**Q** 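Here it is: the structure, laid out below.
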Amino acid sequence: MRYWLMKSEPDEFSIHDLERVGTEPWTGVRNYQARNFMRDGMKPGDRILFYHSNTKVPGVAGIAEVASTAYPDPTQFDPRSDYHDPKATREEPRWMMVDVSFVEKFDDVVSLEEIKSIADELDEFALVRRGNRLSVMPVAERHYKRILALKPKSKRSKR
DNA sequence: GCCAACGTTGGC
DNA sequence: GCCAACGTTGGC
């Protein structure tokens with residue numbers, strides 16, 4: 001199993017939204033590197049750190065998992081979509097995506113600030129490198145586990 | 001709202 | 001194929 005980090009602006013689509021809908025087609029990625037990670041790297045069952053970007057407290061808000069193999073993003077063919085790509089055709093789609101399913105919502109976000117505070121333990125972790133704008137990135141298993149260890153303990157554990 | 005970082009576009 | 005201009009991301 002591999003591990004990933006995917007960013008979403010919570011005003012657009014948050015971990016709460018994912019919990020509500022269960023599974024969401026991850027449309028709209030229009031960056032080749034991010035596409036390649038989804039197309040070539042992701043397998044159903046892979047775990048995803050669900051990251052809230054462009055918000056008051058950016059950070060990892062929960063866990064999701066890859067729920068499909070990659071398939072063409074239908075929004076690229078839709079002239080009325082914000083994500084329409086006139087150069088994409090059904091014969092030769094340009095943009096691929098996966099479905100993403102809810103796994104867990106953290107009681108509190110593991111903030112970017114906290115993650116940065118242990119950056120010395122997270123060498124080569126793309127998120128904490130300056131200027132990173134990728135919305136989909138691979139996460140090493142040890143980094144995934146280290147970030148989960150920052151998760152707050154549930155106040156009323158039902159497990 | 002500012003602006004640094006950086007990917008993309010298009011003229012040459 | 002270079003690179004300036006432009007657009008977007010995303011932290012602050």
Side-chain angles (χ1 to χ4, degrees), chain A residues 2-21 24-42 46-66 70-100 102-140 142-144 146-152:
Chain A
R2 295 194 194 180
Y3 301 91
W4 306 92
L5 181 142
M6 295 174 92
K7 296 179 184 172
S8 184
E9 302 194 12
D11 289 348
E12 303 292 325
F13 191 81
S14 70
I15 190 75
H16 307 271
D17 296 320
L18 186 60
E19 181 173 31
R20 184 166 43 77
V21 301
E24 176 76 3
W26 209 254
T27 55
V29 173
R30 293 294 179 269
N31 171 283
Y32 289 104
Q33 226 184 325
R35 176 203 67 185
N36 294 348
F37 286 136
M38 291 196 288
R39 184 188 63 192
D40 306 331
M42 287 192 179
D46 285 0
R47 291 285 159 138
I48 300 163
L49 296 172
F50 194 101
Y51 182 88
H52 283 176
S53 66
N54 233 324
T55 187
K56 197 171 174 188
V57 183
V60 176
I63 299 170
E65 70 176 15
V66 177
Y71 60 97
D73 180 339
T75 62
Q76 70 193 301
F77 309 124
D78 179 359
R80 299 196 310 192
S81 168
D82 287 346
Y83 302 125
H84 180 235
D85 183 343
K87 291 178 183 163
T89 64
R90 289 184 189 275
E91 293 71 32
E92 279 188 83
R94 224 187 234 212
W95 304 110
M96 304 291 280
M97 50 167 251
V98 297
D99 294 342
V100 168
F102 178 81
V103 174
E104 177 183 343
K105 177 164 71 68
F106 295 165
D107 289 342
D108 287 299
V109 167
V110 174
S111 68
L112 180 60
E113 190 182 8
E114 287 173 82
I115 294 168
K116 280 182 171 171
S117 75
I118 59 157
D120 54 331
E121 298 175 49
L122 299 174
D123 59 304
E124 301 303 308
F125 184 30
L127 181 71
V128 295
R129 272 190 265 168
R130 204 158 63 108
N132 193 293
R133 293 161 49 202
L134 256 191
S135 66
V136 177
M137 66 184 77
V139 178
R142 71 178 192 285
H143 293 162
Y144 179 87
R146 188 66 187 84
I147 287 165
L148 285 202
L150 297 175
K151 182 177 76 162

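No experiment lies behind these values; they were computed from the predicted model shown. Residue numbering restarts at 1 for every chain, and letters A, B, ... go by the order of the sequence lines.
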**Q** Could you state the CG-P distance from A:Asn31 to B:dT8, rounded to the nearest angstrom?
**A** 6 Å
**Q** Can you tell me the distance, in whole Å, between the CD atom of A:Gln33 and the P atom of C:dT8?
**A** 19 Å
**Q** State plainly whether the residues A:Arg94 and A:Asp73 are in salt-bridge range, i.e. N to O under 4.0 Å.
**A** no
**Q** Please report the shortest heavy-atom distance between A:Tyr71 and A:Pro25, naming the atom on each side.
**A** OH-CB, 3.7 Å
**Q** So, taking the atom named OG in A:Ser53 and the one named CZ in A:Arg133, what distance separates them when rounded to the nearest 0.5 Å?
**A** 12.0 Å
**Q** Starting at atom CD of A:Glu113, determine the distance to atom C1' of C:dG10, rounded to an integer number of angstrom.
**A** 16 Å
**Q** Distance check needed: B:dG7 P versus A:Arg35 CZ, whole Å only.
**A** 15 Å
**Q** Does A:Tyr51 place a side-chain N or O at less than 4.0 Å from the phosphate oxygens OP1/OP2 of C:dG11?
**A** yes
**Q** When the distance from CZ of A:Arg133 to C1' of C:dC6 is rounded to whole Å, what number comes out?
**A** 12 Å
**Q** Of the nucleotides C:dG11, B:dT8, C:dG10, which one has an atom closest to the side chain of A:Tyr32?
**A** B:dT8
**Q** Rounded to whole Å, how long is the line connecting atom CG of A:Asp11 with atom P of C:dG11?
**A** 13 Å
**Q** Pick the nucleotide of DNA chain B nearest each of A:Arg94 and A:Asn54; which residue has the one closer to the 5' end?
**A** A:Asn54
**Q** Is there a side-chain contact between A:Lys116 and the phosphate of C:dC12, meaning an N or O under 4.0 Å from OP1 or OP2?
**A** yes
**Q** How long is the line joining NZ of A:Lys56 and P of B:dG1, in whole Å?
**A** 17 Å
**Q** A:Glu65: which residues meet the salt bridge (charged side-chain N to carboxylate O under 4.0 Å, His left out) condition with it, sequence neighbours left out?
**A** A:Arg47
**Q** Nearest whole angstrom, please: distance from the P of B:dT8 to the CH2 of A:Trp95.
**A** 7 Å
**Q** Is there a side-chain contact between A:Lys7 and the phosphate of C:dT9, meaning an N or O under 4.0 Å from OP1 or OP2?
**A** no
